[in-house]
2 protein chains.
Amino acid sequence: MSTDTNASILKLERFLPYRLSILSNKVSSLVADIYKDKFAISITEWRIMAVLGEYPDISADEISTKTQIEKSILSRSVSRLLKRKLIERELAEDDRRRSVIRLSATGKSVYDEIVPLSYEYERALLQCFSQQEQAQFSALIDQLYEHANSLQV
Amino acid sequence: MSTDTNASILKLERFLPYRLSILSNKVSSLVADIYKDKFAISITEWRIMAVLGEYPDISADEISTKTQIEKSILSRSVSRLLKRKLIERELAEDDRRRSVIRLSATGKSVYDEIVPLSYEYERALLQCFSQQEQAQFSALIDQLYEHANSLQV
DNA sequence: AGCTAATAGTTGCAATACCAACCAATTTAG
DNA sequence: CTAAATTGGTTGGTATTGCAACTATTAGCT
């Protein structure tokens, strides 16, 4: 990590935000290729399906807060997934603004195929770490995320 | 970190690629706002300027490999920076396909303003870590990046 | 030299992202 | 009870992205 705060030159390749971005892009693009090649699903679409696998029958808004997908993007992604019959949607009885979304049977079967692939990929990634390092890294990520959140204006 | 590779449900919020993506977005969007508000410069543009601050008189192609910015995006960003007179460009004498890019005087003064802000931001981010944790986190990022790179098809 | 391949950079186009405006249903406050 | 504010979701406009095709120049091979 860079240490000299008053340096007059920025070493981009050691600058934390840059490094995180590069790392994240690399890690995500590898899975993205898998999802895309085998299932023609984007990362965004997969995230929606993933949340629905975990929490069936939630609203678009709940998906949005859980995945941090912006609501216009979510709306269009949901349309695509509906068109491809990977998810189903109906109006909520109690509040007709809301709708309730869930994986369709097809969607569930795709989900069931992707989940193990995802875990396998994560496992392959983490193979470069010892058990202890995994735990450390995980904790540090959480810690930094919390902190970054608190820096928000 | 998720441990059970055979789980039938994916916990998205504990899935490493997702967590890295969220963290990176958060961390980058905070700096992006600073660059944008104070200097009307995007992250991409800043990265280009940052590399030029470190390595003056390099070609677009060299910038591309150093920043991992795709060359079409780079080309357009360079145009914008030229138009705003933040950088200068001339043809390389030895190879007239290449051009040689550097910060202009204005660009350098903007650079000189942004660098301390960036370091300050990084410092603020890292305040949630002890010295030891910083070193660990940094090492783990490098380690994971190397490994992810090696998983490439 | 002369032809082919490779490289540096630009541009076109389709997909995606983001913001703001919008519609419809519901909640709140007077 | 009703007007205003809020909420869930969609849509429009615009900017950004990413791939591929293209131009121009240089390198390599025979």
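Chain letters run A, B, ... following the sequence lines, proteins first, then strands; residues in each count from 1.
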Requested in this report: Please work out if A/Thr44 contacts a base, only the sugar-phosphate, or nothing of the nucleic acid, heavy-atom cut-off 4.0 Å.
Outcome: sugar-phosphate
**Report entry** Distance, rounded to the nearest Å, where A/Asp61 contributes CG and D/dT6 contributes P
**Finding:** 16 Å
Query raised in the report: Using the benzene-type ring in the case of Trp, are the ring centres of A/Trp46 and A/Tyr111 under 6.0 Å apart?
Result: yes
Query raised in the report: Do B/Glu13 and A/Glu54 have side chains that get closer than 4.5 Å, going by heavy atoms?
Result: yes
Query raised in the report: D/dT16 P sits how many Å from B/Glu45 CD, rounded?
Result: 8 Å
Report task. On DNA chain C, check which nucleotide each of A/Lys36 and A/Lys71 is closest to and give me the residue with the more 5' one. Result -> A/Lys36
Requested in this report: Let me know the distance between CG of B/Leu81 and P of C/dT10, rounded to the nearest Å.
Outcome: 12 Å
Requested in this report: Go through the structure and list residues passing side chain to side chain contact (heavy atoms under 4.5 Å, CB included) with A/Asp61, not counting sequence neighbours.
Outcome: A/Ser59
Query - Between B/Arg47 and A/Ser21, a side-chain donor and acceptor under 3.5 Å - result: yes
Report task. Send over the distance from A/Asp95 CG to C/dT28 P, rounded to a whole Å. Result -> 12 Å
Query raised in the report: So what does B/Ser79 touch, heavy atoms closer than 4.0 Å: a base, only the sugar-phosphate, or nothing?
Result: nothing
Requested in this report: Compare side-chain N and O positions of B/Arg98 against OP1 and OP2 of D/dA27 and report whether any pair is under 4.0 Å apart.
Outcome: no
Report task. Quickly work out the B/Ile43 CD1 to D/dT17 C1' distance and round it to whole Å. Result -> 15 Å
Report task. Please confirm whether any donor atom in the side chain of A/Arg89 sits under 3.5 Å from an acceptor in the base of D/dG8, or the reverse. Result -> no
Report task. Return yes if the base of D/dG18 and the side-chain atoms of B/Arg76 contain a donor-acceptor N/O pair under 3.5 Å, otherwise no. Result -> yes
Query raised in the report: Is B/Ser99 near enough to C/dG9 that one of its side-chain N or O atoms lies under 4.0 angstrom from OP1 or OP2?
Result: yes
Query - Nearest-angstrom distance from the residue atom CD of A/Glu93 to P of C/dT26 - result: 12 Å
Query - Test item: side-chain donor near acceptor, B/Ser28 and A/Tyr18, under 3.5 Å - result: no
Requested in this report: Would you kindly give the CG-to-C1' distance between B/Leu91 and C/dG9, to the nearest whole Å?
Outcome: 11 Å
Query raised in the report: What's the CD1-P distance between A/Ile73 and D/dG9, to the nearest Å?
Result: 16 Å
**Report entry** N/O donor-acceptor pair, side chain A/Arg97 with base D/dT7, under 3.5 angstrom
**Finding:** yes
Query - Below 4.0 Å: OP1/OP2 of C/dT11 and any side-chain N or O of B/Ser75 - result: no
Report task. Respond yes when some side-chain nitrogen or oxygen of A/Ser59 is under 4.0 Å from OP1 or OP2 of D/dT7, and no when none is. Result -> no
